[in-house]
Every structure is written in structure tokens, then in C-alpha cells.
Trainee: 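Pasting a structure below so you can have a look.
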Amino acid sequence: MPRILIMNAGTPQMSGAHLTKDQLSLAASSAYRSAWFAEEDDLIVSPVRIPADLLTFIGATLDFDASSLRLLVPANGHSTILDDGTLLCKTVVERIKRHIRQKSAWQWYPCYFTEGVARLGAMLGLPQTGEGFALQRGPDLLNRKSHFRQLATSVALPLPHGCVVTDPNGLFKAVTSLKSETGRVIVKLDNGAGGVGNVILTSSKSDPLPGARDTRWIPWPSLDPDALYSEITTASCKTLVVESYHLARSLFYLEYAIQDDASIAFINSGNIRLRKSTDRSERALIWTGLELPSDLENEQWLTAQEHAYRFVALARDLGYRGMINIDAIFAKNGRLLFNEANGRWGGGSVLHNIAIRLLGVDYSARNVILSVRNVRSPSVQAAHDRFFKEGLLFDRTRKAGVIPLAADEEAGTVECVVIAPDRTAAHDQQHRLLKS
């Protein structure tokens with residue numbers, strides 16, 4: 001059955017009304033990489049035009065006729081955000097209606113199940129499960145750090161000590177009470193995404209730490225809560241979460257799908273990989289990609305699964321349907337701590353989709369999937385040609401190799417996925433990609 005893919009990453013519900021330049025760039029990149037979800041006869045509704053050669057390459061790699069795909073880009077296709085207002089505008093609705101009349105049955109596949117997505121589905125007469133929850137903006141509960149703490153506490157998820165604050169005085173009290181536990185505190189903007197809006201405060205000089213755009217050494221008596229509150233909050237978001245910060249031994253995520261029949265399916269789990277910048281003045285780590293499956297020990301994985309499932313079951317019982325992913329760490333002292341959840345496609349969703357289509361549903365027992373960002377190349381085609389020449393391109397017979405996913409032409413880089421038989425081979429391939 002063909003699907004309608006709604007690529008509405010980076011919406012105000014996800015990231016706040018005032019997105020940074022980096023968030024806007026990530027939203028555009030997300031549309032390109034999310035095109036790898038496509039299957040034959042799908043309709044892709046995207047905020048940006050996806051190059052025809054990329055769609056052709058996707059079809060050739062995943063073995064379907066890409067000429068059967070249809071791409072709908074709103075008239076304001078210069079924007080990288082597919083918000084509810086754009087989705088519900090008359091011309092977009094009519095264009096979708098004209099297309100779906102050609103076939104009798106369609107499935108709905110949005111990145112984020114917003115109120116506008118639910119209304120659009122009703123206008124198109126598409127079957128939806130969970131639309132009542134979405135119409136009341138219920139999925140926003142799963143994409144706010146404050147709500148995550150509230151919901152996670154109700155199902156006894158292990159969390160860092162912390163609290164929700166809404167003014168400078170509350171921020172000062174929270175930092176004061178939490179700073180002694182580890183000597184480090186993280187302050188998070190409620191609806192920030194990708195670490196944007198997060199600041200780590202530490203009582204001793206430190207290299208950049210995971211989870212924030214800035215790791216900041218601060219003598220505690222010099223803390224200015226008014227200035228910090230003003231710096232982190234935005235016009236659309238005045239809520240912060242303050243937590244004790246724990247050094248991590250393992251950073252990972254778990255992803256699930258809550259099906260229309262209310263069953264819960266485990267999708268995948270992976271490591272979150274970061275590295276230091278070569279620029280010593282940089283105060284944030286660089287996200288290099290994901291590694292599937294996670295390298296947790298069996299007991300750790302089972303413990304994380306047991307806890308995460310309770311949270312997912314709560315989201316299900318509230319009425320949410322769709323993808324949900326949860327970030328967590330095992331701290332250096334061995335404690336399992338959950339950080340946040342997101343009710344939408346996750347960073348590993350595309351990688352998992354590619355892996356099962358090329359390798360089978362049990363790929364994690366035999367393969368390691370690695371995403372590698374910032375590979376120097378002007379385009380996907382140029383990367384493809386290089387990988388073919390060097391014998392790196394994915395080979396169906398060997399079930400190993402490299403696939404270029406999407407290009408950031410402004411930066412002159414490409415994101416790639418490495419498919420390898422083990423972690424050592426995957427890391428060696430990554431090193432080879434990044435050294436030139």
C-alpha cells in the first residue's frame with residue numbers, strides 16, 4: 001500500500017518557534033536523509049526539493065522504481081520547515097487530494113504527528129489511529145524535557161536529580177541545590193533539540209562534555225542566574241530543566257513503534273557517537289553519528305529495555321501512536337539514567353530502515369551499521385563515484401560497504417552509512433572515509 005510521507009522535522013512543536021540557523025540546516029538535511037524511507041509509489045511531502053538524482057540513487061540502492069515516486073513541495077519551498085500552517089493551506093491540500101485519487105488506499109507516515117497532520121488526515125479521509133490525541137497536541141508531551149521528567153517519574157524511570165524552573169530565582173535555587181552531587185549541572189531549554197539550548201556548568205575546568213552546546217567552567221559564587229536565564233530561554237519558551245550532570249560511560253538510545261493496534265514493537269538501539277573538535281576554542285563536542293546495534297552488555301541492555309518499555313507503555317496508554325525514541329546513559333559509576341524522549345522519527349530510524357531492506361530484519365545479529373557525518377564531498381554523486389572507484393561502495397553480495405545518504409552542499413560534506421560485519425571493520429571504514 002503506498003504511503004504519504006510527511007517530512008515535518010524541525011517544526012515549532014519540536015524545536016520552538018524561533019529556530020537557530022543550525023536547527024534550520026538540520027531540518028533541511030533531515031528531509032534529504034528521510035527520503036530513504038521511500039518505497040515504490042509513495043508520495044513525499046517535503047519542505048525542500050529533493051534532487052531527482054538522489055531519488056534515483058535511493059531507488060537503485062533499495063531496489064525499487066524511483067520514477068513511481070511523487071514529490072510535493074509547497075509553493076514556499078524555500079523554507080526548510082513544513083509546519084502545520086503550510087500543510088493545511090488550500091493549495092497543498094488540493095494537490096495531495098488530486099494525487100491520492102489515483103489509488104484507493106493510502107497509509108499515513110508523518111515524522112511528527114502534529115495537530116495539523118491529524119487535521120490534514122481527516123480532510124483527506126485517511127484512516128488514522130491516535131488522531132484524537134494529536135488533535136489536542138498530545139505528542140508535544142513527548143517532546144518537552146519538563147514533561148519527560150513528569151511522565152518518567154510516574155513510571156519510576158531512573159533520572160538524574162533535577163527540577164523544572166520558570167524564572168531566574170528558580171534557576172539559582174536549582175543550581176545551588178544540585179551542584180554538590182557531581183560538581184556539574186546541566187541546564188536545558190524545554191523544547192531545544194540536538195543539544196541546542198543546553199549548557200553544562202562545571203566547578204572545574206573541563207573539556208567539552210556530551211549533551212550541550214557549551215561546557216562552561218564557572219566559580220559558583222559568580223553565577224548570574226538572570227543573565228543565564230535570559231541567555232538560554234527564548235521568546236516562545238521560558239521553561240528550563242536543571243539536572244545534576246553525570247559523566248557517561250555509554251551514551252545510547254532505544255527506539256520503539258507504537259502500532260495502530262496499540263502493540264509495542266522494539267525497533268532498534270544504538271550508540272550515540274561524539275568527538276572533540278580540532279578547534280580548541282570549541283565548547284561543544286561534534287556529533288559524528290550513530291552505531292547500530294548498541295554495544296551494551298546483555299544485562300545492561302535488558303535493564304534499559306525493562307525501564308524504557310514502561311515509559312513507552314505509558315505513552316501508548318495516553319493515546320500516542322507512532323515512533324518514539326528514548327535517550328539514556330550508563331554513568332561511569334554504573335548508574336542507568338534516562339535523559340529525554342521524543343515522539344517522532346529518530347536519528348536511527350533511517351539507518352534501521354535501510355538495514356532491514358538490504359540485510360533483513362535480523363541484521364543486528366550479523367552486521368554493524370555506522371552513520372558517518374562530515375565526509376568531504378561536494379555531492380552524493382561525487383561521493384558515489386569516489387566510493388565506486390575505491391571499491392568502498394556497498395555490495396549486495398558481500399553485504400558490506402558504504403552508501404552516501406545526503407549532501408550538505410553548503411558545507412561540502414556528505415553523510416554516509418557504513419555496513420560492516422563487525423565494529424572493528426566499521427570503525428576502520430569510518431577512518432578511511434574521514435582521512436581524505
Side-chain angles (χ1 to χ4, degrees), residues 1-14 24 27-137 139 259-260 321-323 344-345 349-350 353 357 380 406:
M1 185 184 298
R3 303 169 304 164
I4 303 175
L5 275 61
I6 305 292
M7 296 182 176
N8 59 339
T11 60
Q13 295 95 330
M14 282 176 58
L24 289 169
S29 299
S30 174
Y32 296 141
R33 75 192 303 273
S34 295
W36 286 86
F37 281 119
E39 299 175 3
E40 196 152 321
D41 293 325
D42 283 350
L43 170 64
I44 301 172
V45 184
S46 169
V48 294
R49 187 161 298 281
I50 299 170
D53 59 349
L54 175 58
L55 295 176
T56 299
F57 176 60
I58 291 170
T61 303
L62 299 181
D63 195 24
F64 71 92
D65 180 10
S67 68
S68 68
L69 298 174
R70 292 296 176 265
L71 177 67
L72 191 160
V73 181
N76 64 340
H78 61 278
S79 172
T80 59
I81 304 301
L82 193 62
D83 59 22
D84 283 357
T86 302
L87 277 177
L88 294 173
C89 75
K90 184 177 180 180
T91 55
V92 170
V93 175
E94 287 303 317
R95 288 173 66 189
I96 296 176
K97 282 183 176 179
R98 284 198 300 271
H99 181 77
I100 66 174
R101 289 191 193 108
Q102 301 171 27
K103 294 184 184 294
S104 59
W106 289 85
Q107 288 183 317
W108 206 219
Y109 199 50
C111 171
Y112 191 121
F113 203 172
T114 64
E115 177 188 3
V117 168
R119 293 192 183 283
L120 176 60
M123 294 167 72
L124 298 173
L126 295 176
Q128 301 181 94
T129 304
E131 72 275 14
F133 188 62
L135 285 170
Q136 302 306 315
R137 303 184 180 181
Q259 313 283 10
D260 289 350
R321 298 294 181 269
M323 303 292 289
R344 54 174 170 79
W345 298 343
S349 304
V350 164
N353 172 72
R357 291 167 74 175
V380 167

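Remember, it's a predicted structure, so these values are computed and weren't measured experimentally. For the numbers below, each heavy atom of this structure counts, side chains included, while hydrogens, waters and symmetry mates do not.
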Trainee: Considering only NZ, NE, NH1 and NH2 on the basic side and carboxylate oxygens on the acidic side, decide whether Arg119 and Glu115 come within less than 4.0 Å.
Mentor: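 Yes.
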Trainee: Please report the closest heavy-atom contact between Asp84 and Gly116, naming both atoms and the distance.
Mentor: OD2-N, 2.8 Å
Trainee: Within the 3.5 Å criterion, strictly below it, is a donor on Thr56 or Asp53 matched to an acceptor on the partner's side chain?
Mentor: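 Note: Thr56 and Asp53 side chains miss the donor-acceptor criterion.
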Trainee: Does a side-chain heavy-atom distance below 4.5 Å link Trp108 with Leu124?
Mentor: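 Counting from C-beta outward, Trp108 and Leu124 do come under 4.5 Å.
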Trainee: Flag the pair Tyr32 / Pro51 as yes when at least one side-chain heavy-atom distance between them is below 4.5 Å, and no otherwise.
Mentor: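 Contact flag for Tyr32/Pro51 side chains = yes.
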Trainee: Look up atom CZ in Arg344 and atom CE in Met323, then write down how far apart they are to the nearest 0.5 Å.
Mentor: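 Result: 11.0 Å between the selected atoms.
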Trainee: Measuring from Leu43:CG to Ile100:CD1, what's the distance to the nearest 0.5 Å?
Mentor: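 Taking CG in Leu43 and CD1 in Ile100, the distance rounds to 8.5 Å.
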Trainee: I'd like to check His99 versus Trp106 (side-chain heavy atoms, cut-off strictly below 4.5 Å). Are they in contact?
Mentor: yes
Trainee: How close do Pro139 and Ala134 get, counting heavy atoms only, and between which atoms?
Mentor: CD-CA, 3.6 Å
Trainee: With heavy-atom distances below 4.5 Å as the criterion, would you say the side chains of Leu120 and Leu88 are in contact?
Mentor: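 Side chain of Leu120 against side chain of Leu88, heavy atoms only: contact under 4.5 Å found.
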Trainee: Output yes when a side-chain donor or acceptor of Asn8 lies under 3.5 Å from a complementary backbone atom of Tyr112, and no otherwise.
Mentor: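 Flag set: sc Asn8 to bb Tyr112 pair under 3.5 Å.
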Trainee: List for me each residue that meets ring pair (Phe, Tyr, Trp, His ring centres under 6.0 Å) alongside Phe37, sequence neighbours excluded, and say none if there are none.
Mentor: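 Counting only residues at least two positions away or on another chain, Phe37 forms a ring pair (Phe, Tyr, Trp, His ring centres under 6.0 Å) with Tyr109, Trp345.
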Trainee: Roughly how far apart are Asp42 CG and Ser68 OG, rounded to 0.5 Å?
Mentor: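 Going from CG on Asp42 over to OG on Ser68, the span is 7.5 Å.
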Trainee: Would the distance check show the side chain of Thr86 and the main-chain N or O of Leu82 forming a donor-acceptor pair, the cut-off being under 3.5 Å?
Mentor: no
Trainee: Does any non-hydrogen side-chain atom of Glu39 lie less than 4.5 Å from one of Arg357?
Mentor: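 Answer yes - side chains close enough.
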Trainee: Looking only at heavy atoms, what is the nearest atom pair of Ala122 and Gln128, with distance?
Mentor: N-NE2, 3.3 Å
Trainee: Just so I know, are the side chains of Val45 and Ile4 near enough to count as touching, which here means a heavy-atom distance under 4.5 Å?
Mentor: yes
Trainee: For Gly59 and Ala66, work out which heavy atoms get closest and say how close.
Mentor: CA-CB, 4.1 Å
Trainee: Which heavy-atom pair separates Arg49 from Val73 by the least distance, and what is that distance?
Mentor: CA-CG2, 3.8 Å
Trainee: Just wondering, do Thr114 and Ile6 contact through their side chains at under 4.5 Å, heavy atoms?
Mentor: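 Not touching, per the 4.5 Å side-chain cut-off.
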Trainee: Could you check if a side-chain atom of Pro47 sits within less than 4.5 angstrom of a side-chain atom of Ile81, using non-hydrogen atoms only?
Mentor: no
Trainee: Starting from the C-alpha separation in whole Å, work towards a yes-or-no answer on side-chain contact (heavy atoms from CB on, under 4.5 Å) for Ile58 and Leu69.
Mentor: CA-CA 11 Å; Ile58 291 170; Leu69 298 174; 6.0 Å; no
Trainee: Give the minimum heavy-atom separation between Glu40 and Asp65, together with the two atoms involved.
Mentor: OE1-N, 3.2 Å
Trainee: As an exercise, state the distance from CZ of Arg33 to CE of Met7, rounded to the nearest 0.5 Å.
Mentor: 11.0 Å
